[in-house]
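Note: hydrogens, waters and symmetry copies are ignored here, and every other heavy atom, side chains too, is used. Labels below follow one simple rule: chain letters A, B, ... track the order of the sequence lines, proteins then strands, and each chain is numbered from 1.
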Number of protein chains: 2
Amino acid sequence: METTAPTLSRKAQIDQTATALFRRRGYAATSMRELAAALGIEAGSIYSHIRSKEEILHRICFRLADEFMAGLRQATADASASAATQLRRAIESHVRVLIHDADASVVFLHEWRHLSEPALSEFLKLRHSYEAAYRELIARGVEAGELQTPDPAFAALTLFASLTWLPNWYRKDGKLGPDQIAERLTDQLLGGLAK
Amino acid sequence: METTAPTLSRKAQIDQTATALFRRRGYAATSMRELAAALGIEAGSIYSHIRSKEEILHRICFRLADEFMAGLRQATADASASAATQLRRAIESHVRVLIHDADASVVFLHEWRHLSEPALSEFLKLRHSYEAAYRELIARGVEAGELQTPDPAFAALTLFASLTWLPNWYRKDGKLGPDQIAERLTDQLLGGLAK
DNA sequence: TATGGTTCCTAACGTTCGTTAGCAAGGCTG
DNA sequence: CAGCCTTGCTAACGAACGTTAGGAACCATA
(Lines give C-alpha, C1' and ligand atoms only; values in the text may rest on other atoms or scores of the structure.)
Protein backbone atom coordinates (compact mmCIF):
# COMPACT_ATOMS: atom_id res chain seq x y z
CA MET A 1 0.00 0.00 0.00
CA GLU A 2 2.98 2.26 0.52
CA THR A 3 4.49 1.18 -2.78
CA THR A 4 2.05 3.15 -4.92
CA ALA A 5 2.58 6.37 -3.00
CA PRO A 6 6.02 7.12 -4.48
CA THR A 7 4.56 6.45 -7.93
CA LEU A 8 2.26 9.45 -7.57
CA SER A 9 4.80 11.48 -5.71
CA ARG A 10 6.02 13.80 -8.43
CA LYS A 11 2.53 14.28 -9.79
CA ALA A 12 1.26 15.15 -6.32
CA GLN A 13 4.14 17.58 -5.97
CA ILE A 14 3.12 19.28 -9.19
CA ASP A 15 -0.47 19.53 -7.97
CA GLN A 16 0.62 21.02 -4.68
CA THR A 17 2.95 23.60 -6.19
CA ALA A 18 0.41 24.51 -8.84
CA THR A 19 -2.25 24.90 -6.18
CA ALA A 20 -0.16 27.46 -4.32
CA LEU A 21 0.58 29.36 -7.54
CA PHE A 22 -3.02 29.24 -8.75
CA ARG A 23 -4.11 30.67 -5.44
CA ARG A 24 -1.59 33.50 -5.33
CA ARG A 25 -1.57 34.57 -8.97
CA GLY A 26 -4.70 33.00 -10.43
CA TYR A 27 -4.97 30.11 -12.89
CA ALA A 28 -4.88 32.17 -16.08
CA ALA A 29 -1.96 34.30 -14.92
CA THR A 30 0.15 31.28 -13.95
CA SER A 31 2.31 29.92 -16.77
CA MET A 32 3.65 26.41 -17.07
CA ARG A 33 7.16 27.86 -17.11
CA GLU A 34 6.50 29.54 -13.78
CA LEU A 35 5.21 26.30 -12.37
CA ALA A 36 8.24 24.46 -13.70
CA ALA A 37 10.60 27.03 -12.19
CA ALA A 38 8.92 26.65 -8.81
CA LEU A 39 9.53 22.91 -9.10
CA GLY A 40 13.12 23.39 -10.20
CA ILE A 41 12.65 21.74 -13.60
CA GLU A 42 11.97 22.75 -17.21
CA ALA A 43 8.51 23.42 -18.58
CA GLY A 44 8.47 20.48 -20.96
CA SER A 45 9.32 18.06 -18.17
CA ILE A 46 5.97 18.62 -16.52
CA TYR A 47 4.25 16.84 -19.35
CA SER A 48 5.85 13.54 -18.38
CA HIS A 49 3.38 13.60 -15.48
CA ILE A 50 0.28 15.43 -16.61
CA ARG A 51 -1.68 15.80 -19.82
CA SER A 52 -2.53 19.49 -19.68
CA LYS A 53 -2.61 22.57 -17.50
CA GLU A 54 -6.36 22.34 -17.16
CA GLU A 55 -6.07 18.78 -15.94
CA ILE A 56 -4.33 20.12 -12.83
CA LEU A 57 -7.13 22.59 -12.21
CA HIS A 58 -9.68 19.86 -12.81
CA ARG A 59 -8.05 17.60 -10.27
CA ILE A 60 -7.87 20.35 -7.64
CA CYS A 61 -11.47 21.46 -8.07
CA PHE A 62 -13.03 18.01 -8.06
CA ARG A 63 -10.88 16.70 -5.23
CA LEU A 64 -12.08 19.55 -3.05
CA ALA A 65 -15.64 19.08 -4.22
CA ASP A 66 -15.34 15.48 -3.07
CA GLU A 67 -14.00 16.53 0.32
CA PHE A 68 -16.77 19.05 0.90
CA MET A 69 -19.39 16.57 -0.24
CA ALA A 70 -18.04 13.80 1.94
CA GLY A 71 -18.09 16.10 4.95
CA LEU A 72 -21.68 17.04 4.27
CA ARG A 73 -22.74 13.42 3.92
CA GLN A 74 -21.04 12.49 7.16
CA ALA A 75 -22.58 15.42 9.02
CA THR A 76 -26.07 14.47 7.92
CA ALA A 77 -25.64 10.71 8.21
CA ASP A 78 -27.20 10.48 11.67
CA ALA A 79 -30.88 10.92 10.85
CA SER A 80 -31.79 10.98 14.52
CA ALA A 81 -29.87 14.20 15.09
CA SER A 82 -31.75 17.47 14.93
CA ALA A 83 -31.46 19.65 11.83
CA ALA A 84 -29.61 22.26 13.87
CA THR A 85 -27.06 19.70 15.02
CA GLN A 86 -26.58 18.41 11.49
CA LEU A 87 -26.09 21.95 10.29
CA ARG A 88 -23.52 22.73 12.95
CA ARG A 89 -21.65 19.53 12.10
CA ALA A 90 -21.76 20.37 8.40
CA ILE A 91 -20.35 23.84 9.02
CA GLU A 92 -17.63 22.39 11.21
CA SER A 93 -16.66 19.97 8.49
CA HIS A 94 -16.65 22.71 5.87
CA VAL A 95 -14.46 24.95 8.02
CA ARG A 96 -12.11 22.07 8.67
CA VAL A 97 -11.61 21.45 4.96
CA LEU A 98 -11.12 25.17 4.32
CA ILE A 99 -8.43 25.35 6.98
CA HIS A 100 -6.70 22.07 6.32
CA ASP A 101 -6.54 22.59 2.55
CA ALA A 102 -6.48 26.36 2.41
CA ASP A 103 -4.72 26.86 -0.95
CA ALA A 104 -6.80 24.25 -2.74
CA SER A 105 -9.97 25.64 -1.18
CA VAL A 106 -9.32 29.09 -2.58
CA VAL A 107 -8.66 27.62 -6.00
CA PHE A 108 -11.83 25.60 -5.69
CA LEU A 109 -13.80 28.70 -4.71
CA HIS A 110 -12.49 31.12 -7.34
CA GLU A 111 -10.74 29.38 -10.26
CA TRP A 112 -13.37 26.82 -11.25
CA ARG A 113 -14.67 29.14 -13.96
CA HIS A 114 -11.61 28.37 -16.05
CA LEU A 115 -12.73 24.79 -16.42
CA SER A 116 -14.08 24.01 -19.86
CA GLU A 117 -17.09 21.96 -20.71
CA PRO A 118 -18.23 19.42 -19.81
CA ALA A 119 -16.31 19.66 -16.54
CA LEU A 120 -17.70 23.12 -15.90
CA SER A 121 -21.32 22.02 -15.96
CA GLU A 122 -20.54 19.00 -13.84
CA PHE A 123 -18.82 21.21 -11.29
CA LEU A 124 -21.69 23.68 -11.13
CA LYS A 125 -24.15 20.86 -10.63
CA LEU A 126 -22.19 19.60 -7.65
CA ARG A 127 -21.95 23.08 -6.21
CA HIS A 128 -25.66 23.66 -6.60
CA SER A 129 -26.60 20.44 -4.85
CA TYR A 130 -24.21 21.28 -2.02
CA GLU A 131 -25.78 24.67 -1.47
CA ALA A 132 -29.27 23.26 -1.79
CA ALA A 133 -28.52 20.78 0.99
CA TYR A 134 -27.50 23.63 3.29
CA ARG A 135 -30.61 25.61 2.48
CA GLU A 136 -32.77 22.62 3.24
CA LEU A 137 -30.95 22.02 6.51
CA ILE A 138 -31.61 25.59 7.56
CA ALA A 139 -35.23 25.42 6.48
CA ARG A 140 -35.78 22.23 8.47
CA GLY A 141 -34.15 23.77 11.53
CA VAL A 142 -36.32 26.84 11.31
CA GLU A 143 -39.44 24.79 10.75
CA ALA A 144 -38.67 22.69 13.79
CA GLY A 145 -38.16 25.82 15.86
CA GLU A 146 -34.51 24.96 16.54
CA LEU A 147 -33.19 27.93 14.62
CA GLN A 148 -34.37 31.51 14.60
CA THR A 149 -33.83 33.86 11.71
CA PRO A 150 -36.02 36.50 10.09
CA ASP A 151 -35.16 35.29 6.59
CA PRO A 152 -33.87 31.73 6.06
CA ALA A 153 -32.77 32.36 2.47
CA PHE A 154 -30.86 35.44 3.53
CA ALA A 155 -29.26 33.53 6.39
CA ALA A 156 -28.08 30.88 3.97
CA LEU A 157 -26.50 33.52 1.76
CA THR A 158 -24.73 35.10 4.72
CA LEU A 159 -23.49 31.70 5.79
CA PHE A 160 -21.96 30.91 2.40
CA ALA A 161 -20.51 34.38 2.30
CA SER A 162 -18.76 33.92 5.62
CA LEU A 163 -17.46 30.50 4.65
CA THR A 164 -16.12 31.76 1.35
CA TRP A 165 -14.47 34.75 3.01
CA LEU A 166 -12.83 32.70 5.75
CA PRO A 167 -9.62 31.81 3.86
CA ASN A 168 -9.05 35.54 3.39
CA TRP A 169 -8.48 36.21 7.04
CA TYR A 170 -7.80 32.90 8.76
CA ARG A 171 -4.31 32.51 10.20
CA LYS A 172 -3.03 29.22 11.51
CA ASP A 173 -1.57 30.97 14.55
CA GLY A 174 -4.81 32.78 15.33
CA LYS A 175 -6.83 32.13 18.42
CA LEU A 176 -9.83 30.49 16.74
CA GLY A 177 -9.91 26.80 15.86
CA PRO A 178 -12.32 25.15 13.39
CA ASP A 179 -14.85 24.22 16.05
CA GLN A 180 -14.96 27.68 17.55
CA ILE A 181 -15.35 29.29 14.14
CA ALA A 182 -18.17 26.94 13.25
CA GLU A 183 -19.86 27.63 16.57
CA ARG A 184 -19.62 31.37 16.14
CA LEU A 185 -20.98 31.18 12.62
CA THR A 186 -23.94 29.08 13.66
CA ASP A 187 -24.71 31.29 16.63
CA GLN A 188 -24.24 34.60 14.91
CA LEU A 189 -26.17 33.72 11.81
CA LEU A 190 -28.88 31.53 13.17
CA GLY A 191 -29.87 32.84 16.56
CA GLY A 192 -30.50 29.89 18.85
CA LEU A 193 -29.16 26.42 18.39
CA ALA A 194 -30.63 23.24 19.86
CA LYS A 195 -28.17 20.60 20.92
CA MET B 1 -20.79 70.74 -19.87
CA GLU B 2 -22.38 68.34 -22.30
CA THR B 3 -19.75 69.08 -24.92
CA THR B 4 -16.93 67.23 -23.16
CA ALA B 5 -18.98 64.09 -22.67
CA PRO B 6 -18.75 62.92 -26.31
CA THR B 7 -14.99 63.44 -26.14
CA LEU B 8 -14.67 60.69 -23.56
CA SER B 9 -17.39 58.60 -25.07
CA ARG B 10 -15.37 55.94 -26.83
CA LYS B 11 -12.96 55.59 -23.96
CA ALA B 12 -15.84 55.18 -21.53
CA GLN B 13 -17.32 52.59 -23.84
CA ILE B 14 -14.06 50.65 -23.76
CA ASP B 15 -14.02 50.80 -19.97
CA GLN B 16 -17.57 49.57 -19.75
CA THR B 17 -17.14 46.68 -22.15
CA ALA B 18 -13.84 45.72 -20.54
CA THR B 19 -15.47 45.79 -17.12
CA ALA B 20 -18.10 43.29 -18.20
CA LEU B 21 -15.47 41.01 -19.75
CA PHE B 22 -13.10 41.27 -16.79
CA ARG B 23 -15.93 40.28 -14.52
CA ARG B 24 -17.10 37.31 -16.54
CA ARG B 25 -13.77 35.86 -17.64
CA GLY B 26 -11.20 37.51 -15.38
CA TYR B 27 -8.61 40.14 -16.24
CA ALA B 28 -5.79 37.77 -17.15
CA ALA B 29 -8.03 35.56 -19.29
CA THR B 30 -9.45 38.49 -21.27
CA SER B 31 -7.44 39.40 -24.37
CA MET B 32 -7.36 42.74 -26.09
CA ARG B 33 -8.61 41.02 -29.25
CA GLU B 34 -11.63 39.74 -27.35
CA LEU B 35 -12.29 43.19 -26.02
CA ALA B 36 -11.95 44.63 -29.51
CA ALA B 37 -14.34 42.07 -30.94
CA ALA B 38 -16.91 42.92 -28.27
CA LEU B 39 -16.58 46.55 -29.35
CA GLY B 40 -16.83 45.68 -33.03
CA ILE B 41 -13.37 47.00 -33.88
CA GLU B 42 -9.83 45.68 -34.36
CA ALA B 43 -7.40 45.15 -31.48
CA GLY B 44 -4.96 47.82 -32.56
CA SER B 45 -7.69 50.44 -32.69
CA ILE B 46 -8.12 50.32 -28.93
CA TYR B 47 -4.75 51.95 -28.47
CA SER B 48 -5.98 55.18 -29.99
CA HIS B 49 -7.89 55.60 -26.72
CA ILE B 50 -5.87 53.92 -23.98
CA ARG B 51 -2.23 53.40 -23.17
CA SER B 52 -2.33 49.81 -21.93
CA LYS B 53 -4.56 46.99 -20.80
CA GLU B 54 -3.59 47.52 -17.19
CA GLU B 55 -4.57 51.16 -17.45
CA ILE B 56 -8.17 50.01 -17.90
CA LEU B 57 -7.99 47.84 -14.80
CA HIS B 58 -6.36 50.67 -12.89
CA ARG B 59 -9.14 53.05 -13.82
CA ILE B 60 -11.86 50.59 -12.82
CA CYS B 61 -10.32 49.70 -9.47
CA PHE B 62 -9.56 53.24 -8.37
CA ARG B 63 -12.84 54.66 -9.58
CA LEU B 64 -14.69 52.15 -7.43
CA ALA B 65 -12.35 52.76 -4.52
CA ASP B 66 -13.27 56.42 -4.80
CA GLU B 67 -16.98 55.62 -4.83
CA PHE B 68 -16.78 53.39 -1.79
CA MET B 69 -14.63 55.92 0.05
CA ALA B 70 -16.94 58.80 -0.79
CA GLY B 71 -19.92 56.83 0.49
CA LEU B 72 -18.15 56.08 3.73
CA ARG B 73 -17.18 59.73 4.24
CA GLN B 74 -20.72 60.85 3.61
CA ALA B 75 -22.16 58.25 5.98
CA THR B 76 -19.87 59.32 8.79
CA ALA B 77 -20.00 63.06 8.09
CA ASP B 78 -22.72 63.75 10.67
CA ALA B 79 -20.74 63.50 13.89
CA SER B 80 -23.88 63.89 15.95
CA ALA B 81 -25.30 60.62 14.70
CA SER B 82 -24.75 57.49 16.75
CA ALA B 83 -22.11 55.00 15.67
CA ALA B 84 -24.84 52.48 14.89
CA THR B 85 -26.59 54.93 12.61
CA GLN B 86 -23.36 55.83 10.86
CA LEU B 87 -22.65 52.15 10.37
CA ARG B 88 -26.06 51.47 8.91
CA ARG B 89 -25.68 54.41 6.54
CA ALA B 90 -22.23 53.21 5.51
CA ILE B 91 -23.54 49.72 4.76
CA GLU B 92 -26.41 51.20 2.80
CA SER B 93 -24.01 53.24 0.72
CA HIS B 94 -21.75 50.26 0.13
CA VAL B 95 -24.66 48.10 -0.98
CA ARG B 96 -25.86 50.84 -3.27
CA VAL B 97 -22.50 51.04 -5.03
CA LEU B 98 -22.35 47.24 -5.32
CA ILE B 99 -25.75 47.14 -6.93
CA HIS B 100 -25.49 50.21 -9.12
CA ASP B 101 -22.04 49.30 -10.46
CA ALA B 102 -22.19 45.54 -10.18
CA ASP B 103 -19.68 44.57 -12.87
CA ALA B 104 -17.11 47.13 -11.78
CA SER B 105 -17.60 46.14 -8.16
CA VAL B 106 -16.75 42.53 -8.85
CA VAL B 107 -13.65 43.58 -10.78
CA PHE B 108 -12.73 45.86 -7.91
CA LEU B 109 -13.20 43.03 -5.42
CA HIS B 110 -11.35 40.28 -7.26
CA GLU B 111 -9.07 41.57 -10.04
CA TRP B 112 -7.07 44.20 -8.17
CA ARG B 113 -4.25 41.73 -7.61
CA HIS B 114 -3.26 42.05 -11.25
CA LEU B 115 -2.30 45.65 -10.70
CA SER B 116 1.45 46.16 -10.67
CA GLU B 117 3.42 48.34 -8.34
CA PRO B 118 3.13 51.04 -7.23
CA ALA B 119 -0.61 50.98 -7.94
CA LEU B 120 -0.99 47.71 -6.05
CA SER B 121 0.38 49.07 -2.79
CA GLU B 122 -1.66 52.22 -3.12
CA PHE B 123 -4.79 50.17 -3.66
CA LEU B 124 -4.14 47.94 -0.67
CA LYS B 125 -3.57 50.96 1.53
CA LEU B 126 -6.95 52.37 0.52
CA ARG B 127 -8.63 49.06 1.14
CA HIS B 128 -7.07 48.71 4.55
CA SER B 129 -8.15 52.14 5.68
CA TYR B 130 -11.68 51.43 4.46
CA GLU B 131 -11.92 48.22 6.47
CA ALA B 132 -10.33 49.86 9.49
CA ALA B 133 -13.02 52.54 9.45
CA TYR B 134 -15.72 49.88 9.56
CA ARG B 135 -14.03 48.06 12.41
CA GLU B 136 -13.80 51.28 14.36
CA LEU B 137 -17.43 52.06 13.68
CA ILE B 138 -18.47 48.67 15.01
CA ALA B 139 -16.21 49.00 18.03
CA ARG B 140 -17.65 52.40 18.88
CA GLY B 141 -21.18 51.10 18.55
CA VAL B 142 -20.46 48.18 20.84
CA GLU B 143 -18.71 50.41 23.35
CA ALA B 144 -21.68 52.76 23.42
CA GLY B 145 -24.00 49.82 23.99
CA GLU B 146 -25.84 50.46 20.72
CA LEU B 147 -24.72 47.21 19.16
CA GLN B 148 -24.54 43.74 20.62
CA THR B 149 -22.19 41.09 19.37
CA PRO B 150 -20.12 38.46 21.17
CA ASP B 151 -17.04 39.21 19.07
CA PRO B 152 -16.73 42.58 17.28
CA ALA B 153 -13.80 41.50 15.13
CA PHE B 154 -15.68 38.43 14.02
CA ALA B 155 -18.76 40.51 13.27
CA ALA B 156 -16.68 42.79 11.05
CA LEU B 157 -15.37 39.81 9.13
CA THR B 158 -18.86 38.43 8.62
CA LEU B 159 -20.02 41.84 7.45
CA PHE B 160 -17.29 42.15 4.80
CA ALA B 161 -17.94 38.59 3.78
CA SER B 162 -21.62 39.27 3.19
CA LEU B 163 -20.90 42.46 1.31
CA THR B 164 -18.34 40.76 -0.93
CA TRP B 165 -20.66 37.86 -1.60
CA LEU B 166 -23.64 40.03 -2.46
CA PRO B 167 -22.90 40.49 -6.19
CA ASN B 168 -22.91 36.72 -6.50
CA TRP B 169 -26.59 36.37 -5.76
CA TYR B 170 -28.17 39.78 -6.19
CA ARG B 171 -30.65 40.05 -9.03
CA LYS B 172 -32.11 43.34 -10.16
CA ASP B 173 -35.54 41.80 -10.36
CA GLY B 174 -35.32 40.33 -6.86
CA LYS B 175 -37.51 41.44 -4.01
CA LEU B 176 -34.81 43.13 -1.94
CA GLY B 177 -33.68 46.70 -2.53
CA PRO B 178 -30.44 48.27 -1.29
CA ASP B 179 -32.01 49.66 1.89
CA GLN B 180 -33.66 46.40 2.85
CA ILE B 181 -30.44 44.48 2.27
CA ALA B 182 -28.47 46.93 4.37
CA GLU B 183 -31.07 46.72 7.12
CA ARG B 184 -31.03 42.95 7.16
CA LEU B 185 -27.25 42.86 7.24
CA THR B 186 -27.06 45.28 10.12
CA ASP B 187 -29.75 43.45 12.08
CA GLN B 188 -28.49 39.97 11.43
CA LEU B 189 -24.86 40.69 12.12
CA LEU B 190 -25.09 43.15 14.94
CA GLY B 191 -27.95 42.11 17.15
CA GLY B 192 -29.73 45.26 18.23
CA LEU B 193 -29.43 48.57 16.51
CA ALA B 194 -30.29 51.91 18.03
CA LYS B 195 -31.94 54.37 15.71
C1' DT C 1 -10.64 75.70 -47.23
C1' DA C 2 -7.17 74.44 -43.95
C1' DT C 3 -6.45 72.21 -39.23
C1' DG C 4 -6.65 69.31 -35.59
C1' DG C 5 -8.92 65.81 -33.05
C1' DT C 6 -11.25 61.40 -33.08
C1' DT C 7 -11.67 57.06 -34.85
C1' DC C 8 -10.33 52.92 -37.13
C1' DC C 9 -7.68 50.17 -40.33
C1' DT C 10 -3.81 46.81 -41.91
C1' DA C 11 0.38 44.88 -40.94
C1' DA C 12 3.60 43.62 -38.18
C1' DC C 13 6.94 43.65 -34.01
C1' DG C 14 8.92 40.72 -30.40
C1' DT C 15 7.49 37.86 -26.63
C1' DT C 16 5.25 34.41 -24.30
C1' DC C 17 2.00 30.79 -24.28
C1' DG C 18 0.73 25.55 -23.85
C1' DT C 19 2.37 21.68 -25.72
C1' DT C 20 5.09 17.95 -28.29
C1' DA C 21 8.95 15.03 -30.08
C1' DG C 22 12.94 12.63 -29.31
C1' DC C 23 16.35 11.29 -26.44
C1' DA C 24 18.91 9.96 -22.15
C1' DA C 25 20.02 8.85 -17.32
C1' DG C 26 18.77 6.31 -13.12
C1' DG C 27 16.59 2.86 -10.39
C1' DC C 28 13.54 -1.01 -9.43
C1' DT C 29 11.90 -5.53 -10.82
C1' DG C 30 11.90 -9.72 -13.53
C1' DC D 1 21.54 -8.59 -16.98
C1' DA D 2 17.31 -7.05 -19.52
C1' DG D 3 13.35 -4.30 -19.43
C1' DC D 4 10.41 -0.92 -17.80
C1' DC D 5 9.03 2.99 -15.40
C1' DT D 6 10.03 7.44 -13.77
C1' DT D 7 12.07 11.61 -14.48
C1' DG D 8 14.15 15.19 -16.91
C1' DC D 9 16.48 17.49 -20.74
C1' DT D 10 16.82 20.36 -25.32
C1' DA D 11 14.65 22.16 -29.09
C1' DA D 12 11.05 23.53 -31.27
C1' DC D 13 6.08 23.91 -32.96
C1' DG D 14 2.06 26.97 -34.00
C1' DA D 15 -0.83 30.02 -31.76
C1' DA D 16 -1.93 33.86 -29.12
C1' DC D 17 -0.38 37.68 -26.55
C1' DG D 18 0.10 43.09 -25.76
C1' DT D 19 1.51 46.63 -28.37
C1' DT D 20 3.19 49.88 -32.19
C1' DA D 21 3.75 52.26 -36.73
C1' DG D 22 1.79 54.52 -40.42
C1' DG D 23 -1.81 55.79 -42.97
C1' DA D 24 -6.63 57.11 -44.03
C1' DA D 25 -11.22 58.53 -43.42
C1' DC D 26 -14.55 61.67 -40.93
C1' DC D 27 -16.08 65.80 -38.58
C1' DA D 28 -15.75 69.79 -36.14
C1' DT D 29 -13.97 74.50 -35.83
C1' DA D 30 -11.10 78.58 -37.52
**Separation of atom CD1 in B:Ile41 from atom P in D:dA25, rounded to whole Å** = 19 Å
**OP1 or OP2 of C:dT7 under 4.0 Å from side-chain N/O of B:His49** = yes
**Message:** Nearest whole Å is fine: how far is C:dT19 P from A:Ile56 CD1?
**Reply:** 9 Å
**Prompt:** What integer distance in Å separates B:Glu42:CD from C:dA12:C1'?
**Reply:** 14 Å
**Where protein sits on nucleotides 16-23 of chain D, one letter per nucleotide: B base, S sugar-phosphate only, - none, heavy atoms under 4.0 Å** = -BBBB---
**Complete:** Contacts satisfying ring pair (Phe, Tyr, Trp, His ring centres under 6.0 Å) that involve residues 139-160 of chain B (not counting sequence neighbours) are B:Tyr134-B:Phe160
**Fill in**
With sequence neighbours left out, the residues meeting ring pair (Phe, Tyr, Trp, His ring centres under 6.0 Å) with A:Phe22 are A:Tyr27
**Asked** Is it true that B:Arg23 and B:Glu111 have a side-chain N and a carboxylate O under 4.0 angstrom from each other?
**Response** no
**Request:** Figure out the CZ/P separation between B:Arg10 and D:dA28, and round it to whole Å.
**Result:** 17 Å
**Message:** Listing request: all ring pair (Phe, Tyr, Trp, His ring centres under 6.0 Å) pairs with a residue in residues 32-58 of chain B, at least two apart in sequence or in separate chains.
**Reply:** B:His58-B:Phe62
**Asked** Who passes side-chain hydrogen bond (donor to acceptor under 3.5 Å, both in side chains) against A:Asn168, sequence neighbours left out?
**Response** none
**Request:** Name all residues meeting the side-chain hydrogen bond (donor to acceptor under 3.5 Å, both in side chains) criterion together with B:Gln86; count only those two or more places apart in sequence or in a different chain, and write none if there are none.
**Result:** none
